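This report refers to the structure that appears directly beneath it.
Computed from heavy atoms alone, side chains included, the values below leave out hydrogens, waters and symmetry copies. In this text the structure is predicted, and so the values were computed from the model without any measurement.
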Amino acid sequence: MSSMRLLITISAWVATVLAGPMRGWMTWERYTCETDCTRFPETCISERLIKTTADAMEAGGFVEAGYTYIQIDDCWAAKERDPKTGTIVPDPARFPSGLKDLSQYVRSKGLKLGLYGDIGTHTCGGYPGFNVSATTDPIADGMLAADAAAMASWGIASLKVDGCFADTKMMNVTYPKLASALAAAAAKSGTPEPWYSCSWPDYVADGECDHKRTEPCVPLHAIAKTCDSARLWMDISDSWNQPVENGAGVKNYIDFWRANPQLADLRNTLPAGTSYYNDPDQLLIGSPGLSRTEAEVQMGMWALWSAPMILSVELRNGSISEEMRSILLNTEVLAVSDDPLGRQATECTSSNCHTASVLYEGATSIWNKTLHDGTVAIGLVNTGNFGNIGTAFGDFNISFTAAAVGLPCDTFEVRDLFQRKDLGTYSGGFWAEVDESSMRLLKLSCNHQAAPAKSRSQQPQFSTSSGLTRAPSEDVLDSECAASLARVRAELVEAKAALDKTRAELAVMQSRTRK
């Protein structure tokens, strides 16, 4: 086996094992499909927008924090395919340097370029789609192969694929077929396969399954095998709470996830090392629609859900406030998102988790996510938007026992990740009043030294008569398993470091060969 082939093989293995949810920036929610660069030169979909945003991501610390993808959504392409090659090509006026040059530019900033496409004849904005045929068709299949080869030659590292102007009955064939074409093109060019983001389950559920996102009608396991991430519901909008069928706000997405626990079950039962994540759409932290506490809710819940974190906000010229920037760059929250187990938090429905409804269709909820080292991340959420703490118009009091959220001990330490401070040692359980449109994001760890716990006057009485030792929605990792996972993680980090060193050495060798 040649050194280059060995490098590609090792690189693919390490990437598969270590891959977490993608993190980056996208044009769509903020800039939609603006193509008039004469009237709107700073905000039209163009290489200028991408280059200046890449500059801002590097300067603002986002690249260093792991926001390493920069994604062009719809409306980047020319209205017609290239007459010579038959491939989809970028609009020559808005991308005069071409996408290969743009890809190289963003890579110089530590970023990877992503694109948008459609499984159907056209994108949702009316630009050429991949037009994937569900049957063998020499002409259509040849065009698909050419499009995939073009993507590889440009250095495209991620591809979001929509489902407009396509037959939903055929998507169980066409989405995997596109994945195969991308893989073949990557193998031929010796480049990594792009992150494949699918809208497959959303379209099939609404078009063929009476809006239900359940198997067998929606083939969730086949989707997880094919795609790196998948959109499961409508576009998110820059808001907290949207009217039905008018986009979705952050609160609406929390309600959706509460109503569809099978999606977390899918993620949490996949084989170890599987790169697949449920996608609740873009982060809007820093845009006008969310308050500080609502921005913390979105950041905290996306981290608990192990969801892709793709910003769609203005980052240039100091547009994002330091308050919002600090939320997005909170390393403790990002560590919850990047946890190598990759579990998606589930809602605690145990009787030992106390939550309640809040006036005007709000509710409190508790979400728990077991981490690789045996600690547990907890989200205490209040989606209400009326009243203050107290019980006059809703119960804002949230409490849980340690066992109910999957912590295998009775005495534990609590850290508040947004406040970045330790709250102390607790015994039996924990409670807090959480204000409207807010959350507390906590990390719980067992205290084996049994330091003095909070007194009974500082916490409510907790019943342990049920004998519950683990939450029905989370498997509890014992300390031996957690330690093993930590060792594996450390070994993989060492393997990646060795890979990076080998990559650098090969680059030097290639440079000498060229000379």
Side-chain angles (χ1 to χ4, degrees), residues 8 12 69 71-92 95 98-100 102-103 112-204 207-208 219 222-231 275-276 279:
I8 293 171
Y69 287 87
Q71 189 99 7
I72 311 172
D73 207 271
D74 204 352
C75 310
W76 60 269
K79 278 291 188 178
E80 303 294 335
R81 287 174 171 269
D82 186 283
K84 294 180 180 179
T85 64
T87 58
I88 302 171
V89 291
D91 183 278
F95 295 89
L99 290 181
K100 184 174 183 178
L102 184 58
S103 177
K112 295 171 279 190
L113 185 64
L115 280 183
Y116 164 100
D118 198 287
I119 207 77
T121 58
H122 293 82
T123 71
C124 298
Y127 292 80
F130 290 118
N131 193 25
V132 182
S133 173
T135 59
T136 300
D137 182 323
I139 295 177
D141 293 349
M143 292 178 66
L144 177 60
D147 285 335
M151 299 276 170
S153 71
W154 296 335
I156 299 306
S158 63
L159 185 65
K160 172 185 169 183
V161 182
D162 220 328
C164 288
F165 303 103
D167 186 350
T168 54
K169 292 182 175 62
M170 296 293 105
M171 286 184 177
N172 293 347
V173 175
T174 54
Y175 268 98
K177 188 172 182 177
L178 174 55
S180 297
L182 294 171
K188 187 174 182 179
S189 64
T191 57
E193 292 180 36
W195 182 282
Y196 188 36
S197 172
C198 306
S199 295
W200 175 4
D202 185 32
Y203 281 92
V204 171
E208 307 299 326
I223 290 165
K225 185 177 180 180
T226 304
C227 310
D228 293 296
S229 59
R231 286 280 308 281
S275 175
Y276 171 79
D279 185 359

Sub-4.5 Å side-chain heavy-atom contact between W200 and P176: yes
Criterion side-chain contact (heavy atoms from CB on, under 4.5 Å) on N131 and F165, from CA distance to verdict: CA-CA 9 Å; N131 193 25; F165 303 103; over 6 Å; no
Validation row: T123, P128 side chains within 4.5 angstrom (heavy atoms): no
Where W195 and S229 come nearest, the two heavy atoms and their spacing: NE1-OG, 2.9 Å
Least distance between heavy atoms, G120 atom then A166 atom: CA-CB, 3.6 Å
Backbone of S133 reached by a side-chain donor or acceptor of D137 within 3.5 Å: no
Non-hydrogen side-chain atoms of R81 and M143 separated by less than 4.5 Å: yes
Short side-chain to backbone donor-acceptor contact, T226 and A222, under 3.5 Å: yes
Nearest-0.5 Å distance that lies between atom CD in E193 and atom CG in L182: 8.0 Å
Stepwise side-chain contact (heavy atoms from CB on, under 4.5 Å) check, I88 with F130: CA-CA 8 Å; I88 302 171; F130 290 118; 4.1 Å; yes
Heavy-atom check, side chain of I72 versus side chain of L102, under 4.5 Å: yes
Sub-4.5 Å side-chain heavy-atom contact between Y127 and D74: yes
Close side-chain approach of C164 to D118, heavy-atom, < 4.5 Å: yes
For the student: nearest non-hydrogen atoms of L178 and L144, plus distance: CD1-CD1, 3.6 Å
Under 3.5 Å: donor-acceptor pair, side chain of K177, backbone of T135: yes
Considering all heavy atoms, the nearest A179-Y196 contact: CB-CE2, 3.4 Å
F95 side chain near V89 side chain, heavy-atom distance below 4.5 Å: no
side-chain hydrogen bond (donor to acceptor under 3.5 Å, both in side chains) contacts touching residues 149-164 (sequence neighbours left out): Q71-S158, D73-K160, Y116-D162, D162-Y203
Distance-only side-chain donor-acceptor flag, D228 / S275, under 3.5 Å: yes
Worked check of side-chain contact (heavy atoms from CB on, under 4.5 Å) between S199 and Y175: CA-CA 9 Å; S199 295; Y175 268 98; 3.8 Å; yes
S197 vs D279 side-chain heavy atoms within contact, under 4.5 Å: yes
Distance-minimising heavy-atom pair for G117 and L159: N-CD1, 4.1 Å
NZ/NE/NH1/NH2 to OD/OE distance under 4.0 Å, K79 and D91: no
Shortest non-hydrogen separation from A185 to A152 and the atoms involved: O-CB, 4.1 Å
Reported CD1-to-OG1 distance for the pair I119 and T174, which is rounded to 0.5 angstrom: 4.5 Å
